Amino acid sequence: MITAFLLRSLDRRITIAVFLLLAAAVLVPVLNLAMPASSPLHVPTYIMSLFGKYLTYALLALALDLVWGFCGILSLGHGAFFALGGYAMGMYLMRQIGSRGVYGNPLLPDFMVFLNWEKLPWFWYGFDQFWFAALMIFVVPGLLAFIFGWFAFRSRVNGVYLSIITQAMTYALMLAFFRNDMGFGGNNGMTDFKDILGFNIQAEGTRAVLFALSAIMLALSLILASAIVRSKFGKVLVGVRDAESRTRFLGYRVEHFKLFTFVVSAMMAGIAGALYVPQVGIINPGEFAPANSIEVVIWTAVGGRGTLIGPILGAILVNGGKTVFTGLFPDYWLFALGGLFVAVTLFLPKGIVGTLSSAKRRKTVRDVPPDQREDGVTAKIQPAE
């Protein structure tokens, strides 16, 4: 039943995107591991890890698009859910170091020994088990989103006010995680990871698996998001986005629809953060920075919000450009990013994918003779039989 529900959501564009992601999950690791370094087909490990990071960003942008593009919730706090998922994975990776740390303590992470902690805090218990960490990757961002959304949506906070308080939530968490007495590594965060599930995290095989998992999770999340927005539930979401008062007047509990979508989106962001951390090798409070959440909005806007495919494309293109231009023109990248957002807002308000889709629809309408159109204006009235 669930499988049928998901498969019904696969239109042509979603199917192509899922196929490309799954193909990349297989092909890129094979080209990295099986091809010799001298081969022109060889994919270097650093390139694979870099694009693996881009895929986690794409998953984060997809999560934002689910609430912004289809529910009208402009969240400036999705970086918080991303960071919480990353910290859950980081805590597991820190527990795997054991006595191999700088201070050789089999129980306490190095930063706790350095800060003179005498025992492991209670909230670190269980993170020596992968299943528990994997559960927390979903539970912690989802629980925060549920508590926040429960109060915000029941209070009917909308528009710019909701955006402001989501950003305030992220900023508050950033300040809290910067504190050494929080037990999360303070300013330095967590790093020097050794193993994941018993495998060397720096090994090429592990890197290949992490890339494949990032591509697979993005494909699965895309299928799930498509299933949600193309269902009857998704039709109501669009109604909430375009005319919330009318939707509420029709008898729908708007806050329930918003809350469910917000929680699902937060969990997706948490997964993205968990896949991000082992590939970059560090997690610190800087991931909570409000500027990071604003960047996610830019990725989504550039690609095209409300399209599902657009945010994925936008995240990859913008971050690819960031990698290139920060190397060539490091002092001007932020100006370029701001200019890109302004240019998209003025000239491509629907984003890349949205603009292309609109142009294709207009071309299709022009190709249809006026007497056969069904746009409600020029449609030919057929005589009754």
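Small disclaimer: the values here were computed from a predicted structure and weren't measured.
Using a 4.5 Å heavy-atom threshold, the side chains of Lys235 and Val238 count as separate. With contacts defined as side-chain heavy-atom distances shorter than 4.5 Å, the pair Phe51/Val28 does not qualify. Between Val297 and Ser75, every side-chain heavy-atom pair lies at or beyond the 4.5 Å cut-off. For the pair Pro109 and Ile97, the minimum side-chain heavy-atom distance is 4.5 Å or more. Under the 4.5 Å side-chain criterion, counting only non-hydrogen atoms from C-beta, Met91 is in contact with Met190.
Residues passing the ring pair (Phe, Tyr, Trp, His ring centres under 6.0 Å) test with Phe81, sequence neighbours excluded: His78, Phe262. In this structure Gln129 satisfies the side chain to side chain donor-acceptor pair (under 3.5 Å) test with no other residue, sequence neighbours excluded. When the side chain to side chain contact (heavy atoms under 4.5 Å, CB included) test is applied to Leu27, the partners found at least two apart in sequence or on another chain are Leu31. For Thr300, the side chain to side chain donor-acceptor pair (under 3.5 Å) criterion is met by no residue, not counting sequence neighbours. Checked against side chain to side chain contact (heavy atoms under 4.5 Å, CB included), Leu20 has the following partners two or more places apart in sequence or in another chain: Ile16.
There is no path of hydrophobic side-chain contacts, each under 4.5 Å, that joins Leu76 to Val342. In the hydrophobic clustering of ILVMFWY residues, with side-chain heavy atoms under 4.5 Å counting as a link, Leu213 and Val30 come out apart. Residues Phe19 and Ile309 fall into different hydrophobic clusters, defined by Ile, Leu, Val, Met, Phe, Trp and Tyr side chains chained together at heavy-atom separations under 4.5 Å.
Using bins of under 30°, 30° to 60° and over 60° for the plane-to-plane angle, the ring pair Tyr57/Phe82 lands in the tilted bin. The aromatic rings of Phe114 and Tyr103 sit tilted relative to each other, their planes meeting at an angle between 30° and 60°.
Taking every heavy atom of both residues into account, Ala145 and Ala266 meet most closely at CB-CB, 3.4 Å. Taking both residues in full, the closest heavy atoms of Arg95 and Tyr125 are given as NH1-CA, 4.5 Å, listed atom of the first, atom of the second, then distance.
Using a 4.0 Å cut-off between charged nitrogen and carboxylate oxygen, Glu255 and Arg156 do not count as a salt-bridge pair.
Defined by atom type and a distance below 3.5 Å, a donor-acceptor pair is present between the side-chain atoms of Thr45 and Asn32. If you check the side chains of Thr56 and Gln279, you find no donor sitting under 3.5 Å from an acceptor.
The ring-ring contact (aromatic ring centres under 6.0 Å, His included) contacts involving residues 231-250 comprise Phe233-Phe257, Phe233-Phe260, where partners must be two or more places apart or lie in separate chains.
You'll find the ring centres of Phe123 and Phe184 inside the 6.0 Å limit.
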